[in-house]
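Please read the structure below before turning to the comments.
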There are 2 protein chains.
Amino acid sequence: MERLGTGGSGGGSGREGGEGVGFRPLYRQVHDTLLRRLAEGVWQPGQILPSEGELARELGVSQGTVRKALDALTADSLLVRRQGRGTFVAEHDDKQSVFRFFKLRSEAGGEAAPESRVLARAEAPASVDERDRLGLVRQARVVRIERLRALDGRVCLIEAIALPASLFPGIAALDLPNTLYSLYANRFGLTIAVARERLRAVALSAREAGHLGAAPGSPALEIDRVAFDLDERPVEWRLSTCLTEHVHYQSILR
Amino acid sequence: MERLGTGGSGGGSGREGGEGVGFRPLYRQVHDTLLRRLAEGVWQPGQILPSEGELARELGVSQGTVRKALDALTADSLLVRRQGRGTFVAEHDDKQSVFRFFKLRSEAGGEAAPESRVLARAEAPASVDERDRLGLVRQARVVRIERLRALDGRVCLIEAIALPASLFPGIAALDLPNTLYSLYANRFGLTIAVARERLRAVALSAREAGHLGAAPGSPALEIDRVAFDLDERPVEWRLSTCLTEHVHYQSILR
DNA sequence: TAGTGGTCTAGACCACTCC
DNA sequence: GAGTGGTCTAGACCACTAA
């Protein structure tokens, strides 16, 4: 049992303790409490959460307040709600949610999932760039993965992935699935919540050109992605170089 | 006075008319009603809307239902709500909201707004590509605008804009501001609600290279944007070609 | 002081799922 | 039929703004 704010019955919003700066709405406190539990793995992906009523009683708030927090977590794709069944921790290995972080689309418009082939894997001391992107200390080590990926049967992308070795113990020895983020969640308890991508146009190096079957110097799209977990820690750095002859990067702005 | 659904007092959600497929929640009907009014220009950008209570009485629903609709419109950046003051139609000519649709960022991280210089303007029959992107009929005409844009004082981008001439009467004779979308809203009553961007890497043509001060064949980022108004009509096609030596395209994925 | 949006509660009924 | 989330209402009090 863990009560929040002033709780209790009757109207009023009920300020939390303290008197100065800090005022967080109750629904925000509930949101953060549930988010912390998700980050700690109290509920695993695919598992069902207690019902709105149970959570409300446990936390000492009204059902409407719990609902508002659950709605926010659902909007962030961390939960899935199904009428008549319950509220579940989102699983991101589904066909459709592969495309949550994968913005490349075939010109043909086919919704085929990308295939992957691992070229290399190794553990090594982190480079300066890797320490910078991942917020690592000087002595830190990383696991590096290099892959080729194909869309619609056409190889179009080569990507270099760097992971903090301390967060992914033993990953170098595992079979790597096509969608790494479900592996991160299921094996290492790390849920990717946000990613920041920076795109540039570059000329292919001779080595990249060889792997992609293109001429050296050809223009290519470089995608520099840092992915963050529920605690907003940088967890993965991924540098992708992509041929965009039959493929483009799609972005919807609102 | 315009009432929605079954309205009235007491509990119950109240289904709308008909018996078969269609069921739209009341708050959704309110949302659509308000959206239609915005699209029709009933309230101009910057103007205040009636209060929650007034809207609730007018539409014959509870204040909570109106609130839910207003919150959704606020989340879509169409409204701005200010505690103690009221609800306003969003204005998108502010400094910070220039970056709503402009995703290029200087490597230096400076938040300086981009500058523009118009190279050419003309009206002409729509090309096949323009008809395709803008959903135009065979005889339609477009206004074309070509601009150079600079970030941090460095020219980095050349863009070709195509507008349906029927939607923008007389735009060829106007002074063009740096941020076109506020002009679209204020002079032509067209609010841009969504844009779809497709990014590719291309090699600079000799002409583009000349304008951008780079070598022909240099890799550049091509941004193909179609912008839609509140009625989801395609309203602008913009093809930008950008040097990404000191600039990148930033995207946040959730 | 009056009016606005923001938060919180309590309770009703509906739609869906499963037993 | 029991239990879940989804919708809707009514009413209270708080925080902020402006006159």
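Reminder, nothing fancy here: chain letters follow the sequence lines and each chain counts from 1.
Look at CZ on B:R81: it is 12 Å from P on C:dT4, rounded to the nearest Å. Here D:dT4 presents its C1' atom at 13 Å from CG of A:L55, a figure rounded to the nearest Å. Protein atom CD of B:Q83 is 6 Å distant from nucleotide atom P of D:dC16, rounded to whole Å. Between B:H31 atom NE2 and D:dC8 atom C1' there is a gap of 18 Å when expressed in whole angstrom units. The nearest whole Å value for the distance from the CD atom in A:Q29 to the C1' atom in C:dT7 is 12 Å. Atom CZ in B:R82 sits about 11 Å away from atom P in C:dG6, given to the nearest Å. One interatomic measurement links the two molecules: CZ of B:F88 to C1' of C:dG5, which rounds to 11 Å at whole-angstrom precision. Between the CZ atom of B:R57 and the C1' atom of D:dA10 there is a distance of 14 Å, rounded to whole Å.
Checked by atom type and distance alone, the side chain of A:R233 never pairs as donor or acceptor with a backbone atom of A:G135 at under 3.5 Å. A:R100 places a side-chain N or O within donor-acceptor distance of the main-chain N or O of B:R254, the cut-off being under 3.5 Å.
A salt bridge is absent between B:E159 and B:R225: the closest approach of a Lys/Arg side-chain nitrogen to an acidic carboxylate oxygen does not fall below 4.0 angstrom. Looking at B:D32 and B:R24, a side-chain N of the basic residue comes within less than 4.0 Å of a carboxylate O on the acidic one, giving a salt bridge.
With C:dC8, D:dT4, C:dT4 as the candidates, the nucleotide lying closest to the side chain of A:S62 is C:dC8. Considering only the side chain of A:L26, C:dT9 comes nearest among C:dT9, C:dG5, D:dT7. Counting only heavy atoms from C-beta on, A:Y27 has its side chain closest to C:dC8 among C:dG5, C:dC8, D:dG6. Checking D:dT7, C:dG5, D:dA18 against every side-chain atom of B:R85, the shortest atom distance belongs to D:dA18.
In terms of phosphate contacts, A:K68 brings no side-chain nitrogen or oxygen within less than 4.0 Å of OP1 or OP2 of C:dC8. Side-chain N/O atoms of B:T65 include one lying less than 4.0 angstrom from OP1 or OP2 on D:dT9.
DNA chain D lies under 4.0 Å from at least one heavy atom of each of the following residues of residues 44-53 of chain A: A:S51, A:E52.
Looking only at side-chain heavy atoms (C-beta outward), B:Q44 and B:V89 stay at 4.5 Å or farther from each other. Side-chain contact between B:R105 and B:H248 is present, with at least one heavy-atom pair separated by less than 4.5 Å. Side-chain contact between B:W43 and B:L34 is present, with at least one heavy-atom pair separated by less than 4.5 Å.
Mapping A:G84 and A:Q63 onto DNA chain C via the closest heavy atom, the residue that lands nearer the 5' end is A:Q63.
Residue contacts shown for A:R67 include a base, since a base heavy atom lies under 4.0 Å away.
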